[in-house]
Visitor: 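Below is one structure. I have some questions about it.
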Amino acid sequence: MKRGLKVFVGLACLFVIGLPVFAQPSSKSIETFIMDDFDSAGSQNYMYDGKSYSWDWAVNSSRFVAEGYPKTGYYEGIPNSLKQLKKGSDKEFKVFGVKTAFNRKGDNWFEVYPTADDKSFEIPFVGTVTQLDFWMWGANYNYYLEVMVRDALGVVHVLPAGSLAFNGWKNIIVNIPGYIQQHSHLRSGPANMTFVGFRIRSDAEEYVDNYVLFVDQIKYTSNSLSYIFDGYELKDVDFGEDSSNSEEVE
């Protein structure tokens, strides 16, 4: 019996080995997308679904913000680690800065978010995102950073990104939890997860009369082919206006 089993297994192996090998399409294509490097304010040319998007940045603060604050602007600078990667370039590198002050200690906060046409703008992510990666300049104050994203169902998720109690530049990485629904099968409403902005909160006992923050190079890692299927290009075909539906029903 054992000898017969060995012969059977050997023949099976020969049969499998003799079969032609067909390449299977990979379901993964891991890419890194730069969302904004802040070097070209208002002209990022960020590509999503065949369209180019650009935006600016704005800041919104809680009610005890001091008069004349927050102040924002683009300033010349770059983290040393990024400077080495861009060595030899004659481009002027910039970062986005925020200076704020509040009239009293407590639960003070401000939000940094993208805008377009003088309205808040949520940046759509490409593919299925695994992590966000950005640089923050801290002033060694006990402030706390949060990242806000909106899932494909329209729900905003606030992701903790740690303390800003450090001096100078720090690379911060935020993993995207698997429970966040990043894609929708519906033909109306948001198709994918979007980036809403950053929220910075002060510790209740920390000084709030003079706070400065800078941010540079926001990027993310994504499986860009995770939601691409055979015939994907047909999902937005324009069937034209149905005249029977456009007429008023008497």
Side-chain angles (χ1 to χ4, degrees), residues 30-48 51-61 68-101 110-127 129-141 143-149 159 161-176 194-200 210-222 224:
I30 306 301
E31 296 185 63
T32 297
F33 295 86
I34 295 180
M35 184 178 289
D36 201 337
D37 59 10
F38 299 94
D39 296 332
S40 304
S43 57
Q44 290 83 0
N45 293 321
Y46 174 83
M47 296 302 299
Y48 172 78
K51 298 180 181 179
S52 176
Y53 294 88
S54 294
W55 56 84
D56 206 335
W57 293 85
V59 180
N60 179 42
S61 299
Y69 291 91
K71 300 178 184 293
T72 65
Y74 293 87
Y75 301 92
E76 186 176 350
I78 186 174
N80 279 334
S81 296
L82 297 182
K83 186 185 299 183
Q84 293 302 315
L85 294 176
K86 300 181 179 181
K87 194 173 182 179
S89 174
D90 56 357
K91 185 177 181 180
E92 184 180 39
F93 303 116
K94 293 185 178 181
V95 299
F96 183 74
V98 180
K99 184 175 183 179
T100 189
F110 63 93
E111 295 176 346
V112 182
Y113 59 95
T115 64
D117 299 324
D118 296 323
K119 299 178 181 178
S120 60
F121 171 70
E122 298 182 9
I123 305 171
F125 288 102
V126 177
V129 182
T130 55
Q131 64 180 27
L132 277 168
D133 182 322
F134 50 89
W135 289 82
M136 282 281 179
W137 187 97
N140 205 22
Y141 279 48
Y143 281 55
Y144 304 98
L145 176 64
E146 299 170 336
V147 175
M148 297 176 291
V149 297
L159 307 177
S163 171
L164 292 173
F166 54 82
N167 282 314
W169 289 108
K170 182 179 179 180
N171 185 214
I172 298 176
I173 297 175
V174 178
N175 294 320
I176 304 299
T194 57
F195 175 81
V196 178
F198 297 105
R199 179 184 292 153
I200 296 91
N210 184 7
Y211 184 71
V212 176
L213 176 79
F214 296 95
V215 59
D216 196 17
Q217 189 169 279
I218 307 172
K219 62 180 184 290
Y220 61 92
T221 303
S222 173
S224 59

Visitor: Do S81 and N171 make a side-chain contact, defined as non-hydrogen atoms from C-beta onward lying under 4.5 Å apart?
Guide: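 Side-chain contact under 4.5 Å: no.
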Visitor: Decide side chain to side chain contact (heavy atoms under 4.5 Å, CB included) for K99 and N210; before the verdict, give the C-alpha distance in whole Å, the side-chain angles of both, and the deciding distance to 0.1 Å.
Guide: CA-CA 7 Å; K99 184 175 183 179; N210 184 7; 3.1 Å; yes
Visitor: Taking atom types as modelled, is there a side-chain donor on W169 or D216 under 3.5 Å from an acceptor on the other?
Guide: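 Not at all, the side chains of W169 and D216 share no donor-acceptor pair under 3.5 Å.
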Visitor: Counting only N and O atoms by type, is there a donor-acceptor contact under 3.5 Å from the side chain of S54 to the main-chain atoms of Q44?
Guide: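 Confirmed, S54 side chain pairs with Q44 backbone.
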Visitor: Can you tell me how far the CG atom of D133 sits from the CD atom of Q217, to the nearest 0.5 Å?
Guide: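 Taking CG in D133 and CD in Q217, the distance rounds to 7.5 Å.
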Visitor: Just so I know, are the side chains of I176 and F125 near enough to count as touching, which here means a heavy-atom distance under 4.5 Å?
Guide: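 In short, these two side chains do not touch, never coming nearer than 4.5 Å.
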Visitor: Would you mind telling me which of F33, W55, Y53 makes a ring pair (Phe, Tyr, Trp, His ring centres under 6.0 Å) with Y46?
Guide: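 Single ring pair (Phe, Tyr, Trp, His ring centres under 6.0 Å) partner of Y46 among F33, W55, Y53: W55.
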Visitor: Of all heavy-atom pairs between Y220 and V129, which one has the smallest distance, and what is that distance?
Guide: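 That closest heavy-atom pairing would be CD1-CG2, 3.8 Å.
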Visitor: Check step by step if side chain to side chain contact (heavy atoms under 4.5 Å, CB included) holds for Y48 and V126.
Guide: CA-CA 7 Å; Y48 172 78; V126 177; 3.9 Å; yes
Visitor: Which of these, Y113, F134, F214, Y144, sits in a ring pair (Phe, Tyr, Trp, His ring centres under 6.0 Å) with F198?
Guide: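 When ring pair (Phe, Tyr, Trp, His ring centres under 6.0 Å) is applied between F198 and each of Y113, F134, F214, Y144, only F134 qualifies.
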Visitor: Distance check, rounded to the nearest 0.5 Å: I200 atom CD1 versus Y211 atom OH?
Guide: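 That separation rounds to 7.0 Å.
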Visitor: Could you tell me whether the side chain of V212 reaches within less than 4.5 Å of the side chain of W137, counting heavy atoms only?
Guide: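 Sidechains of V212 and W137: in contact.
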Visitor: Hey, does S222 have a side-chain heavy atom less than 4.5 Å from the side chain of E31?
Guide: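 A side-chain contact under 4.5 Å is absent here.
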Visitor: Measuring from T115:OG1 to N60:CG, what's the distance to the nearest 0.5 Å?
Guide: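 With rounding to 0.5 Å, OG1 (T115) is 12.0 Å from CG (N60).
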Visitor: Taking C-beta and beyond as the side chain, do V149 and E122 meet within less than 4.5 Å on heavy atoms?
Guide: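 Result no, sub-4.5 Å side-chain heavy-atom pair not found.
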Visitor: Within a strict 4.5 Å, meaning less than it, do heavy atoms of the F110 and P70 side chains meet?
Guide: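 Heavy-atom side-chain distance check fails, nothing below 4.5 Å.
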Visitor: Provide the closest heavy-atom pair for A161 versus I172 in the form atom of the first, atom of the second, distance.
Guide: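 Looks like O-CG2, 3.8 Å.
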Visitor: After noting the C-alpha distance and the side-chain angles of W135 and V95, does the key distance pass the side chain to side chain contact (heavy atoms under 4.5 Å, CB included) rule?
Guide: CA-CA 10 Å; W135 289 82; V95 299; over 6 Å; no
Visitor: Tell me, yes or no, whether the heavy-atom count around D118 atom CG, taken from other residues, nucleotides or ligands under 6.0 Å, exceeds 12.
Guide: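 Count not over threshold, so no.
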Visitor: So how far is it from L132 CG to K219 NZ, rounded to the nearest 0.5 Å?
Guide: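 Rounded to the nearest 0.5 Å, the CG-NZ separation comes out at 10.5 Å.
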Visitor: With rounding to the nearest 0.5 Å, note down the distance linking CD1 in I218 to CH2 in W57.
Guide: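 These two atoms lie 4.0 Å from each other.
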Visitor: Can you confirm whether K51 is buried at NZ, in the sense that more than 12 heavy atoms of other residues, nucleotides or ligands lie under 6.0 Å from that atom?
Guide: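 Not more than 12 within 6.0 Å, no.
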Visitor: Out of the candidates I30, I173, N175, only one should pair with T221 under the side-chain contact (heavy atoms from CB on, under 4.5 Å) rule; please name it.
Guide: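 Checked I30, I173, N175 against T221; only one passes side-chain contact (heavy atoms from CB on, under 4.5 Å): I30.
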Visitor: Does atom CG of D117 have more than 12 heavy-atom neighbours, drawn from other residues, nucleotides or ligands, at distances under 6.0 Å?
Guide: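 Not more than 12 within 6.0 Å, no.
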Visitor: Do R199 and E111 come close enough that some side-chain heavy atom pair is under 4.5 Å?
Guide: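 They are in contact (side-chain heavy atoms under 4.5 Å apart), so the answer is yes.
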Visitor: Kindly indicate whether the side chain of K119, heavy atoms from C-beta on, has any atom under 4.5 Å from the side chain of F121.
Guide: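 In short, these two side chains do not touch, never coming nearer than 4.5 Å.
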Visitor: How long is the gap from CD on Q84 to CD1 on I78, to the nearest 0.5 Å?
Guide: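 Here the interatomic distance stands at 9.5 Å.
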